[in-house]
Asks: 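What follows is a single structure, and I will ask about it in a moment.
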Amino acid sequence: MSWTQNHTHLLTVTCRYRGIGIRVEDEVLITESGYEVLTGSMPKEVKHIESLLNNYSHAGMVSEPHHISAAASS
């Protein structure tokens, strides 16, 4: 498989956003009696984050809505 076939999603991303990555981590509260994952309900999968961002931008909450698409394979 060629690079283009394996990375076609990169071709749909605006040049301005190519090469940008994000790091998704959990926040964990440690106590004497155990722990609690404070960010357990937050989206972590690419498709869930994309959906959240696209819904946010299409709801008129961003001045210039843009379609968000993955810049890296999952």
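Given the structure is predicted, the values throughout are model-derived calculations rather than measurements.
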Asks: Is T31 reaching over with its side chain to a backbone N or O of G34, donor-acceptor style, under 3.5 angstrom?
Replies: yes
Asks: Suppose clustering is done on Ile, Leu, Val, Met, Phe, Trp and Tyr with side-chain heavy atoms closer than 4.5 Å. Which residues sit in the same group as L29?
Replies: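 Besides L29, the cluster holds L38.
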Asks: Going by the rule salt bridge (Lys or Arg N to Asp or Glu O under 4.0 Å), which residues pair with E25 if we only count those two or more places apart in sequence or in a different chain?
Replies: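 Once residues adjacent in sequence are excluded, the partners of E25 under the salt bridge (Lys or Arg N to Asp or Glu O under 4.0 Å) criterion are R23.
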Asks: Please list all pairs passing the salt bridge (charged side-chain N to carboxylate O under 4.0 Å, His left out) test where one or both residues lie in residues 34-44, with sequence neighbours left out.
Replies: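 Pairs touching residues 34-44 that pass the test: D26-K44.
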Asks: Carefully, step by step, assess V24 and I49 under the rule side-chain contact (heavy atoms from CB on, under 4.5 Å).
Replies: CA-CA 10 Å; V24 179; I49 294 171; 4.1 Å; yes
Asks: Apart from Y35 itself, what residues make up its hydrophobic cluster when side-chain heavy atoms of I, L, V, M, F, W and Y under 4.5 Å apart count as a link, directly or indirectly?
Replies: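 Members besides Y35, by chain and number: V28, I30, V37.
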Asks: Quick one: CE on M42 to CG on L52, what's the gap to the nearest 0.5 Å?
Replies: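 Reported value, rounded in 0.5 Å steps: 7.0 Å.
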Asks: Among residues at least two apart in sequence or on other chains, which ones pass side chain to side chain donor-acceptor pair (under 3.5 Å) with S41?
Replies: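 Partners of S41 under the side chain to side chain donor-acceptor pair (under 3.5 Å) test: none.
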